[in-house]
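Working notes, beginning with the structure itself.
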Amino acid sequence: MTRKLAWLGPLYYVLMAIFLYLPILFLIVFSFNDSVVLAFPLKGFTLNWYKQLLHTPELLTALKNTIWVAISSSFFATLLGAMSAIVIARYTFWGKRLFSSVATFPMVIPYLVLGVALLLLFNAVGIPLNLWTVAVGHVVINTPYAMLIIGARLAGFAPNLEEASMDLGETYWGTLRRVTIPIIMPSLIAAFLSSFSTSFDEFALTFFLTGTDTTLPIYLYSQLRFPSRLPLAITVAAVIIVVSSFFLMLSEWLRHWGERSVAAGG
């Protein structure tokens, strides 16, 4: 009976891949369509929409804002995630489980709810909405993922390496700089790239926390109201998908490379 049903696994995988990636493939194909009408057959092949990306000032401004938010939020999310991971992996203290649970709350709270909550908080304390509030929101949602990525690396090598360093006379901060950080560096880079990709694509949280400055996802959403701008919006979406996929694959490669290097060293 089990052998007869063995084909269900591959079938499920194929169907899942079709439903997930076929719309993305169509999106990329239509970004080369020489028509504002999104329908088959394609009218022709063109790179005109990609050329227009470089001659749209508001798009370039949104891109600059998005990159700034992504870099700044990813840096602080990686920093906070590394600090949290070290505390959880290397120390025992009262309330450790509670701390771990609270630190991962943003992973299970819908971004829509989190965006409304942060909006109410910023309004209550009188902080105007701008790119800084967007960056703070992105730090909140990216820190738990960075913590888990870095924590997995810390669990991959024994703490006796750090203990040996301090037994030989090195200080804690010296051990952190000379031993711990070099070993977990691939996971730090992976956490940063993963956070960058998430921040670059984030819409729901950004929609509530941005002010007059817009980011690329918000700009993309605003262009959907104009049929003549739809091909340009599709092209922007295609570029975002390709860039995000690259960063995610690079992040995953770095994470596995770090695991293999630690295993080989052990």
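Numbers here simply count residues along the sequence, with the first being 1. As a basis for the values below, the full set of heavy atoms in this structure was taken, side chains included, without hydrogen atoms, waters or symmetry mates.
Residues Val108 and Thr104 are not in side-chain contact: their nearest non-hydrogen atoms beyond the backbone lie 4.5 Å or more apart. Pro106 has its side chain out of reach of Thr143: every pair of non-hydrogen atoms, C-beta onward, lies at least 4.5 Å apart. Ser222 is listed as a side-chain neighbour of Tyr219, based on a closest heavy-atom distance under 4.5 Å.
Under the salt bridge (charged side-chain N to carboxylate O under 4.0 Å, His left out) criterion, Arg177 pairs with no residue at all, not counting sequence neighbours.
Under a hydrophobic-cluster definition in which Ile, Leu, Val, Met, Phe, Trp and Tyr are linked whenever side-chain heavy atoms come within less than 4.5 Å, directly or via other members, Leu60 and Leu220 are assigned to different clusters. Residues Val102 and Trp94 are members of separate hydrophobic clusters, defined by side-chain heavy-atom contacts under 4.5 angstrom among Ile, Leu, Val, Met, Phe, Trp and Tyr.
Formation of a donor-acceptor pair under 3.5 Å by the Thr61 side chain with backbone atoms of Pro57 is found in this model.
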Start with the C-alpha gap between Thr206 and Thr66, add the side-chain angles, then the distance that decides, and say whether side chain to side chain contact (heavy atoms under 4.5 Å, CB included) holds. CA-CA 10 Å; Thr206 306; Thr66 302; over 6 Å; no
Show the numbers, then the answer: is there a side chain to side chain contact (heavy atoms under 4.5 Å, CB included) between Ile150 and Leu188? CA-CA 6 Å; Ile150 299 169; Leu188 292 175; 3.5 Å; yes
Give the intermediate values and the outcome of side chain to side chain contact (heavy atoms under 4.5 Å, CB included) for residues Tyr145 and Thr198. CA-CA 10 Å; Tyr145 294 98; Thr198 302; 5.9 Å; no
Would Phe200 and Ile67 satisfy side chain to side chain contact (heavy atoms under 4.5 Å, CB included), going step by step from the backbone distance to the final call? CA-CA 7 Å; Phe200 195 86; Ile67 293 176; 4.1 Å; yes
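Side-chain contact annotation: His138 with Ser74, donor-acceptor N/O pair under 3.5 Å absent.
Here the shortest heavy-atom pairing between Leu129 and Leu119 reads CD1-CD1, 3.5 Å. Residues Pro144 and Met107 share a closest heavy-atom pair of CB-CG, 3.4 Å. What you find for Met147 and Ser84 is that their closest heavy atoms are SD-CB, 3.6 Å. The minimum heavy-atom distance between Ala77 and Asn142, with the atom names listed, is CB-CB, 3.7 Å. Of all non-hydrogen atoms in Ser195 and Ala146, the two that sit nearest each other are OG-CB, 4.4 Å.
Counting heavy-atom neighbours within 6.0 Å of Phe203 CZ, excluding the residue itself, gives a total above 12. For Met83, the CE atom sits in a loose shell: 12 or fewer heavy atoms of surrounding residues, nucleotides or ligands are nearer than 6.0 Å. Heavy atoms of other residues, nucleotides or ligands lying less than 6.0 angstrom from CZ of Phe207 number 12 at most. Within a 6.0 Å radius of CH2 in Trp68, other residues, nucleotides and ligands contribute more than 12 heavy atoms.
Remark: Phe122 CZ to Asn130 CG distance equals 9.0 Å, nearest 0.5 Å. Remark: Phe75 CZ to Leu80 CG distance equals 9.5 Å, nearest 0.5 Å. Taking OG from Ser73 and CZ from Phe192, the interatomic distance works out to 8.0 Å, rounded to the nearest 0.5 Å. The structure places CD1 of Ile86 at 6.0 Å from CG of Leu154, a figure rounded to the nearest 0.5 Å. Rounding to the nearest 0.5 Å gives a distance of 11.0 Å between CD1 of Ile181 and OG1 of Thr175. Interatomic distance, Asp213 CG to Ile218 CD1, rounded to the nearest 0.5 Å: 12.0 Å.
When each of Leu114, Leu118, Val113, Leu120 is tested with Val116 by the rule side chain to side chain contact (heavy atoms under 4.5 Å, CB included), just one qualifies, namely Leu120.
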